[in-house]
Amino acid sequence: MVKKKKTKLDIRNTPGKGVSTISVHAGEERFRYADSITTPIVQTSTYAFKDTAHIEAYTRHGHSHFEYGRYGNPTEKVAQDRMAIMCGAEDCVLFASGMSAITTTILALVRSKDHIIITDDAYKKTLEFCSSYLQRFGIACTILPFGDYEGIEKAIRPNTRFIFSESPTNPYLNIFDLEWLRDVAKRYNLMTLIDATFSTPYNQCPFDYGVDIVVHSATKYLAGHNDILAGVVLGRAELVDEIRALHKAIGGVIDPHCSYLLLRGMKTFALRMERQNETAMKVAEFLEGHPQIKRVYYPGLESHPHHHIAKAQMTGFGGVVSFDIMGSLKNAKAFLDALKLCYIAPSLGGVETLITHPALVSYYNLTRKERYDLGITDTLIRLAVGIEEPEDIIADITQALEKSRG
Ligand SMILES: *Cc1c(COP(=O)(O)O)cnc(C)c1O
């Protein structure tokens, strides 16, 4: 998680080594405006120069100064530095959403006539962007079934720019073998991008496997309160600089207030992750032993097909548990409708427990056959645990399962 290797950022403003210490303090000056304990929200779109000499000191002599909101903001800068230190990256850029982070990063890295490879259970909008929008600019995209490592290797062309995957993926929590990715990337001189939203820097450090760029939807665990959208891109300074340059032109920047909420959320990141990892494991074990549950998908369970990879490359397995319930669509609907604590809502990683039905939400526009080909059954449920007591979540599921029988 937090890399031993010193980065430029590590040396500055890091008062301790532990993940909770870093998530509370990193990136901040010790004394701030009006001696405030919290980082102030600098709610401004532009910044004044004292005089023309000040302009020239900034433009010609490299004096540090904020110029205009799209190019940076002091509250954002603290959030960005904290995120880089927490994730063990040389540098970081923040975005207005996870999708803004992903699309800007891809656009910064590809050139016309390039080819990219992505796995088929990536986030739906990421897949859509890669397979349809990029094609308009002459960028080819091969989508391969998750786990088809041989297929990925065969799909590599001289013009392949990068391999992109998530790990764990949604909704089956498939785990990408990052050792394999490192070897193949080295052998073919490819770049690698990982969307690590589901693993978080608490549970996995893709940089340990030589991954070039890591993206997160900070909307989920990093902000953690189901109240903002934000995106994060992390990597080596020179690569992140290229992405930052395009970001300034595309303009999907995070605003000062949102940066503050992200900072505020990050302060409890380690506490929340510890709880969510534990709760998800308990809920997964409970579900696995329940007679009305057909199958549970959680990488922390030995029954998960990628449990061995997860154990080797992760320190915890996250807060999302997917499961198939017995019966039909009718039973799945009755189960969801009977819940009293868990909210029926998309998203994950926040303090409230959310539950969703992929077939009705993300895949509603496919035919049943198309959905089943993708493995999205009528009875598949995705649970994203919050920080409530695990016993209360289990009790809610128990009573709802009871009502869904028959
Ligand atoms: C939510 C999510 C995204 C998109 O992030 P937004 O913040 O909603 O734009 C991308 N990838 C994964 C894995 C996600 O869960």
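Just so you know, ligand 1 is whichever comes first in the structure, and atom 1 is the first atom listed for that ligand. The figures that follow rest on heavy atoms only: side chains count, while hydrogens, waters and symmetry mates do not.
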Quick one: which residue pairs count as a salt bridge (charged side-chain N to carboxylate O under 4.0 Å, His left out) with a foot in residues 341-368, not counting sequence neighbours?
R368-D378
Please collect all salt bridge (charged side-chain N to carboxylate O under 4.0 Å, His left out) contacts where either partner lies in residues 387-399, sequence neighbours excluded, each pair once.
R275-E389
Starting from the N and O atoms of ligand 1, collect every protein N/O partner closer than 3.5 Å and put each pair on its own line with the distance to 0.1 Å.
residue  : atom   : partner : partner atom : Å
ligand 1 : 5 (O)  : S217    : OG           : 3.0
ligand 1 : 7 (O)  : G98     : N            : 2.8
ligand 1 : 7 (O)  : S217    : OG           : 2.8
ligand 1 : 7 (O)  : T219    : OG1          : 2.6
ligand 1 : 9 (O)  : G98     : N            : 3.0
ligand 1 : 9 (O)  : M99     : N            : 2.8
ligand 1 : 11 (N) : D195    : OD2          : 2.7
ligand 1 : 15 (O) : K220    : NZ           : 2.7

Do Y221 and F198 make the cut of ring centroids closer than 6.0 angstrom?
no
Of all pairs that satisfy ring pair (Phe, Tyr, Trp, His ring centres under 6.0 Å), the ones with a partner from residues 224-252, not counting sequence neighbours:
F95-H247
So does K77 pair up with D81, basic N to acidic O under 4.0 Å?
yes
Any side-chain donor near an acceptor of the partner, E370 and Y363, under 3.5 Å:
no
